[in-house]
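Along the sequence shown, the residues carry numbers beginning at 1. In each ligand, atom 1 is the first atom listed, and ligand 1 is the first ligand listed.
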Amino acid sequence: MAGEDEVKLLGFWASPFALRVMIALEEKGIKYEYIEEDLLSKKSPLLQEMNPVHKQIPVLIHNGRPVAESAIILQYIDEVWSNGPAFLPSDPYDQAMALFWVDFIEKKLIVPGRCIFRSKGEEQEGGKRQFIESLVILEETLKGKDYFGGNTFGMVDIAFAPLICWFHMYEVLGEFKIMFENKFPSIFRWMKRCIERESVKRNLPQQERVLQSVLQFRRHSLLDA
Ligand code: GS8
């Protein structure tokens, strides 16, 4: 795309969905203006205008036009800035599979993960069970590969990598240990590989800060991971 593109991102620094977009923009080398939303006290009029349906971050605003929903934003970035490294494989079947796993990460990992830090008792235990089951499935999918798509960092990696800075919070608030090195060795090695990448290293916050932020949200009972 030409240099006159104006790109803005409405986000929240700890949000795994916003972090996906930050990583993607950095991977493509796209310059953008980052606008932090205050999800704790008041959403900005700009967010309400740009995402009137869900009123959620992240929203990418490209030359004044908004795109919402992180998975859709990642596909949009990949299409528009197709001269950068591709996030999706070219084969339609492989593309469908990558999108399947992106969807899986939200539905089967991030959503049950909310029960870990929002609830207690049976609901929390159920969240932990589902979370671990999903990690088992992702471990199986990744086995023998450097990245989910094979040799290169792509869509599924971008969708999953933000959780690297969330695992500590899940463990502390869920009072359990994931034990990556022993139980999920492929994911363990993949995490090490990811955090070496500039796009991930530069955007992922410290895990301790994420824990403090979730505790703060919990105190306001306004949680929405
Ligand atoms: C989820 C976005 C979301 O949950 C996506 O972009 O992939 N499916 C969407 N956004 C949350 C913050 S993320 O931790 C959000 O904006 N919450 C505020 C609210 O719902 O009011």
* Asked: Does E106 approach ligand 1 within less than 4.0 angstrom via side chain, backbone, both or neither, non-hydrogen atoms only?
  -> side chain

* **Set of residues satisfying salt bridge (Lys or Arg N to Asp or Glu O under 4.0 Å) with respect to E125, sequence neighbours excluded** => K128

* Aromatic plane relationship, W166 with F117 - under 30° parallel, 30 to 60° tilted, over 60° perpendicular -> tilted

* Asked: Would one find an N or O of K43, backbone or side chain, under 3.5 Å from an N or O of ligand 1?
  -> yes

* To do: Specify whether H62 and W81 have parallel, tilted or perpendicular ring planes, treating 30° as the upper limit for parallel and 60° as the lower limit for perpendicular.
  => tilted

* Asked: Short N/O distance, under 3.5 Å, between I57 and ligand 1?
  -> yes

* **Within reach of ligand 1, part of R114 (heavy-atom separation under 4.0 Å)** => side chain

* Would you say ligand 1 has an N or O under 3.5 Å from any N or O of H54? -> no

* Measure the acute angle between the ring planes of Y170 and F131, then classify it against the limits of 30° and 60° as parallel, tilted or perpendicular. => tilted

* Asked: Which atoms of ligand 1 sit under 4.0 Å from any heavy atom of S15?
  -> 13 (S), 14 (O)

* Taking N or O atoms only and a 3.5 Å limit, does R20 qualify as a polar contact for ligand 1? -> no

* For E133, enumerate each residue passing the side-chain hydrogen bond (donor to acceptor under 3.5 Å, both in side chains) test, keeping only those at least two apart in sequence or located in another chain. => none

* F87 six-ring centre to K28 NZ/CZ under 6.0 Å and within 45° of normal -> yes

